[in-house]
Participant: 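Structure in C-alpha cells, see below.
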Amino acid sequence: QHYYITNNLRKNMASLSIDAANKLAAGEAEAAKRSKDKAELQAMPTRTYLDQTVVPILLQGLGVLAKERPPNPIEYLAAFLLKNKHLYED
C-alpha cells in the first residue's frame with residue numbers, strides 16, 4: 001500500500017509539474033503578445049489608435065447619454081464605459 005501511495009503521489013507531482021509548465025508557457029506567450037500589441041498600438045497614428053480603441057464605445061456611450069440626459073453625465077458615461085467595455089475588447 002505504501003508503494004501505491006508513493007507511486008500515485010509521484011504521478012500527481014509530475015502532472016502538477018506539467019500543468020505548471022504549461023501555465024508558465026501560456027503566461028509567457030500572453031506577455032509576448034501584449035508586448036507586441038503595445039508596440040503596434042504605440043506605432044499607430046493618434047487618430048487611428050483612438051478610432052480603433054475608444055471611439056466606437058465612446059460614441060455609443062455619448063448617444064445613450066444624449067438620449068437619457070442624466071443629472072450626473074460624467075459618472076453615467078463612466079459607468080456605461082465600464083459596464084460595456086467587454087463588448088468592444090478584442
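Just so you know, these numbers use all the heavy atoms, side chains as well, and skip hydrogens, waters and symmetry mates. Source: prediction; values computed, not measured.
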Participant: Is it the case that over 12 heavy atoms from other parts of the model lie below 6.0 angstrom from the CD1 atom of Ile74?
Facilitator: no

Participant: Taking it one step at a time, do Val64 and Phe80 satisfy side-chain contact (heavy atoms from CB on, under 4.5 Å)?
Facilitator: CA-CA 9 Å; Val64 172; Phe80 177 90; 4.0 Å; yes

Participant: Leu59 and Leu50: same hydrophobic cluster, using ILVMFWY side-chain contacts below 4.5 Å?
Facilitator: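 Yes; tracing contacts between hydrophobic side chains, which count when under 4.5 Å, links both residues.
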
Participant: Is there a chain of hydrophobic side chains (I, L, V, M, F, W, Y, each step under 4.5 Å between heavy atoms) that links Leu82 to Leu62?
Facilitator: no

Participant: Verify the neighbour count for atom OH of Tyr49: are there more than 12 heavy atoms of other residues, nucleotides or ligands below 6.0 Å?
Facilitator: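 No, because the 6.0 Å sphere around OH of Tyr49 holds 12 heavy atoms or fewer from other groups.
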
Participant: If you compare all heavy atoms of Asp51 against all heavy atoms of Pro56, which two are closest, and at what distance to 0.1 Å?
Facilitator: O-CD, 3.4 Å

Participant: I'd like to know if Met44 and Ile57 are part of one continuous hydrophobic network [Ile/Leu/Val/Met/Phe/Trp/Tyr, side-chain heavy atoms within less than 4.5 Å].
Facilitator: no

Participant: Applying a strict under-4.5 Å side-chain criterion to I, L, V, M, F, W and Y, I'd like to know whether Val54 and Leu77 cluster together.
Facilitator: no

